[in-house]
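Here the structure comes first, spelled out in C-alpha cells, and everything after it is commentary.
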Amino acid sequence: MGLLRLLLALAVVGDHVLPPFPWLRLTTGVMAVEVFFVVSGFYMQMVLSQRYASAGAFYLSRAFRIFPTYWLVAALAFALWPVNDFREIASLGWQPAILVFASSILIFLQDTLLFLGVDRGELFVTANFHSTAPQLSSYLVVRPSWTLALELYFYLMAPFLARLSSFRNRSWPNRSAVSAFTSLKATMSAMVFISVFVAQSLR
C-alpha cells in the first residue's frame, strides 16, 4: 500500500512538472489525488487499529510526520521567494496577507484559499478559482500542500468517529468506527473531486 501511494504521489508530481519527466504521469493529477485519499483511508484503518492507544498519541504521531518536513520545505521555498511576491501580497490587504501567511505556517485553510478571491482588500468566495485574479493560492509558500490541509482535517475527526459507537468502552478504536472514518474520508474526497471538476469545467 505504501508503494501504491508513492506511485500516486509521483503521478501528481508528473502532472505539475514539464518534460523531461513525462514517465511520472501514470494518471492525471486530480485522479491521483483522489485515489491517494481513498487508499489513505484504508491505510488509516490499519494504523488506528494496531498502533495507537490514545487520541493524543495518534495526534502527536501525525504531527511529527507532517509538520517538521513541511516546515523544512517551506523554509527553503520561502528563502527563494522573489521580492516582488512579498510586495504583491502586501498590496492585497491585511486580511488576505494574514490568511496566506498563517495558512502557509499552520497548513490549515490552505485548501480554502483555492475558493477565495480578493477585491480591494476584501475576501470573497469564488466557484472558479482559475478565472479569479489574483489567485490567493498562488501566494502559498508550498502550493501543492493544500492537500495536507485536507489530511489534517481527517486526522482531527478520527478520534471522535472512533468513539461514536463505543461510549461505554474506552478501548481504541473499534472496527465499525474506523470503517465509518474510512467511509467519511472517501466521501469527503469525492466532494473535493466534484468541486475541482466543477471549477475546471467553468474555465
Side-chain angles (χ1 to χ4, degrees), residues 2 5-37 39-40 59-119 121 123-126 128-156 188-189 192-193 195-196 199-200 203:
R5 295 205 303 167
L6 174 61
L7 293 176
L8 292 170
L10 290 177
V12 175
V13 173
D15 197 56
H16 284 78
V17 300
L18 298 175
F21 302 108
W23 56 273
L24 290 177
R25 300 176 184 176
L26 305 177
T27 183
T28 63
V30 173
M31 181 62 68
V33 169
E34 296 307 312
V35 176
F36 184 92
F37 283 150
V39 172
S40 295
Y59 284 147
L60 284 176
S61 174
R62 296 296 99 184
F64 280 119
R65 286 177 64 91
I66 293 176
F67 283 100
T69 303
Y70 169 78
W71 284 333
L72 176 60
V73 174
L76 293 175
F78 188 79
L80 298 175
W81 251 25
V83 177
N84 289 337
D85 283 1
F86 290 102
R87 295 172 180 171
E88 290 182 14
I89 294 177
S91 67
L92 296 178
W94 67 271
Q95 289 181 341
I98 290 177
L99 181 59
V100 168
F101 282 112
S103 60
S104 292
I105 295 173
L106 302 175
I107 303 179
F108 292 99
L109 297 181
Q110 290 193 15
D111 58 310
T112 306
L113 292 182
L114 293 172
F115 302 98
L116 290 179
V118 58
D119 181 28
L123 295 170
F124 66 90
V125 179
T126 176
N128 188 1
F129 56 86
H130 289 291
S131 63
T132 302
Q135 294 183 11
L136 282 182
S137 60
S138 66
Y139 296 107
L140 288 172
V141 177
V142 184
R143 291 185 63 181
S145 59
W146 65 268
T147 57
L148 290 178
L150 293 177
E151 284 289 313
L152 290 175
Y153 301 151
F154 297 139
Y155 295 155
L156 286 176
M188 293 292 288
S189 298
V192 174
F193 173 77
S195 299
V196 174
Q200 288 184 336
R203 294 185 64 179

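Keep in mind that the numbers below use all heavy atoms, side chains included, and drop hydrogens, waters and symmetry copies. If you read the sequence from its start, that first residue is 1, and numbering goes on from there.
Note on ring orientation: taking the six-membered ring where Trp is involved, the planes of Phe108 and Phe67 are tilted (angle from 30° to 60°).
Taking every heavy atom of both residues into account, Pro68 and Ala63 meet most closely at CD-O, 3.3 Å. Of all non-hydrogen atoms in Ile66 and Leu152, the two that sit nearest each other are CD1-CD2, 3.8 Å.
By the 4.5 Å heavy-atom criterion applied to side chains, Trp146 and Ile107 are not counted as neighbours. In this structure the side chain of Phe101 reaches within 4.5 angstrom of the side chain of Phe78, judged on heavy atoms. With contacts defined as side-chain heavy-atom distances shorter than 4.5 Å, the pair Leu123/Leu136 qualifies. A 4.5 Å side-chain heavy-atom check between Thr147 and Phe36 finds every atom pair outside the cut-off.
The local environment of CZ in Phe124 is crowded, with over 12 non-hydrogen atoms from other residues, nucleotides or ligands closer than 6.0 Å.
Atom CG of Leu148 and atom CG of Asp111 lie 10.5 Å apart (nearest 0.5 Å).
Between the side chains of Ser145 and Gln110, at least one donor-acceptor pair of N or O atoms lies under 3.5 Å.
Judged by distance alone, with hydrogens and angles left aside, the side-chain atoms of Tyr153 form a donor-acceptor pair with the main-chain N or O of Leu109 at under 3.5 Å.
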Checklist line | Steps toward side chain to side chain contact (heavy atoms under 4.5 Å, CB included) verdict (Leu113, Tyr139) | finding: CA-CA 10 Å; Leu113 292 182; Tyr139 296 107; over 6 Å; no
